[in-house]
Amino acid sequence: MRLDAVARHLQDIAHDDGIDAIGDEATAWVVRRTTLHVEQFPVFRESLKLSTWASGAGSRWAERRTSITGSGGGSIEVTAVWVHVDLATGRPKVLPADFDRLYGEAVGGRTVSARLTHDGPPEGVAGVPWPLRFSDFDVLGHVNNAVYWAVVEEHLDLIAPVAVVLEFRGGIDRGQAPEVVVQGDRLWMVASGAVAATARINAEGL
């Protein structure tokens, strides 16, 4: 199971859970950081079970944990920080009024940070082009976050068990010509001179 497919499952279950719990407010979230702990990749025709719950919160963001387990031993644990945004302005806004009532028991008072921790790209390391396709863009005209995972899997050596952290700094829009910079177990996606996302294999997370 490729990582971009994992990310699309994560989007679907997060959206479905959010709609069930808080209605239309569930659409106003963007992912900030995702950590995948892959013990074993699921394989073709393996039945999957996804379980998700709120595991932490801040003033304008929340953390969601998701477990993916397969009938053949596939196992992926995911932690993702989602920022609650105003769709009109794109700026973070306080969590919905019903968030604590609906998710407070699961959160259990745990606070999380949305601060990004990855360094910028190294000096003097050339990037390689990252061609964009029409299907890479979502309904808002940005590259869908699942697409970034396809780039990670293309350029990093991911052999289970493995833990990977992907941080999102900004969106990639139509007309941009992004590049991928790789050094060892780290990767940077750069568009129009700005870092859009970073990824690294996190050996300490295993």
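For clarity, every value in this text was computed on a predicted model and none was experimentally measured.
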So does [Y] get a backbone contact from the side chain of [X], meaning a donor-acceptor N/O pair under 3.5 Å?
{"X": "Arg33", "Y": "Ser113", "answer": "yes"}
{"X": "Glu179", "Y": "Val190", "answer": "no"}
{"X": "Ser71", "Y": "Ser47", "answer": "yes"}
{"X": "Arg101", "Y": "Ala97", "answer": "no"}
{"X": "Arg110", "Y": "Val107", "answer": "yes"}
{"X": "Asp17", "Y": "Ala14", "answer": "no"}
{"X": "His84", "Y": "Val94", "answer": "yes"}
{"X": "Glu63", "Y": "Thr79", "answer": "no"}

Using the rule that Ile, Leu, Val, Met, Phe, Trp and Tyr join whenever any side-chain heavy atoms are under 4.5 Å apart, tell me whether [X] and [Y] fall into a single cluster.
{"X": "Val195", "Y": "Val30", "result": "no"}
{"X": "Val182", "Y": "Val147", "result": "yes"}
{"X": "Phe41", "Y": "Val165", "result": "no"}

Handout entry: Met1 and Val6, any side-chain heavy atoms less than 4.5 Å apart
Key =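 A side-chain contact under 4.5 Å exists here.
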Decide yes or no for Pro178 and Met189: does some side-chain heavy atom of the first lie under 4.5 Å from some side-chain heavy atom of the second?
no
Closest heavy-atom contact between [X] and [Y]?
{"X": "Asp136", "Y": "Pro131", "result": "OD2-O, 4.3 Å"}
{"X": "Pro96", "Y": "Trp29", "result": "CD-CZ2, 4.1 Å"}
{"X": "Gly58", "Y": "Leu95", "result": "O-CD1, 3.3 Å"}
{"X": "Trp61", "Y": "Val112", "result": "NE1-O, 2.8 Å"}

Test Asn144 against Arg8 for side chain to side chain contact (heavy atoms under 4.5 Å, CB included), laying out the working first.
-> CA-CA 9 Å; Asn144 186 273; Arg8 294 187 188 280; 3.9 Å; yes
Could you go through Ile201 and Leu156, starting from their C-alpha distance and side-chain angles, then the distance that decides it, and tell me whether this counts as side chain to side chain contact (heavy atoms under 4.5 Å, CB included)?
CA-CA 8 Å; Ile201 296 175; Leu156 294 182; 4.3 Å; yes
Evaluation steps, side chain to side chain contact (heavy atoms under 4.5 Å, CB included), between Arg64 and Leu10
CA-CA 10 Å; Arg64 177 180 290 278; Leu10 297 175; over 6 Å; no
Tell me, yes or no, whether the heavy-atom count around Arg2 atom CZ, taken from other residues, nucleotides or ligands under 6.0 Å, exceeds 12.
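Check fails, neighbour count at 12 or below.
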One should read off an interatomic distance between Arg200 CZ and Thr117 OG1, to the nearest 0.5 angstrom, of 5.5 Å
Criterion side chain to side chain donor-acceptor pair (under 3.5 Å) on Ser75 and Gln40, from CA distance to verdict: CA-CA 5 Å; Ser75 177; Gln40 179 176 313; over 6 Å; no
**Prompt:** Between Ile172 and Leu132, is a side chain to side chain contact (heavy atoms under 4.5 Å, CB included) present by the stated rule, with each step listed?
**Reply:** CA-CA 10 Å; Ile172 297 177; Leu132 296 177; 3.9 Å; yes
Aromatic contact, Tyr148 with Trp130 (centres under 6.0 Å): yes
Closer than 4.0 angstrom, basic N to acidic O: yes or no for Glu77 and Arg65?
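Counted as a salt bridge, because a side-chain N and a carboxylate O are separated by less than 4.0 Å.
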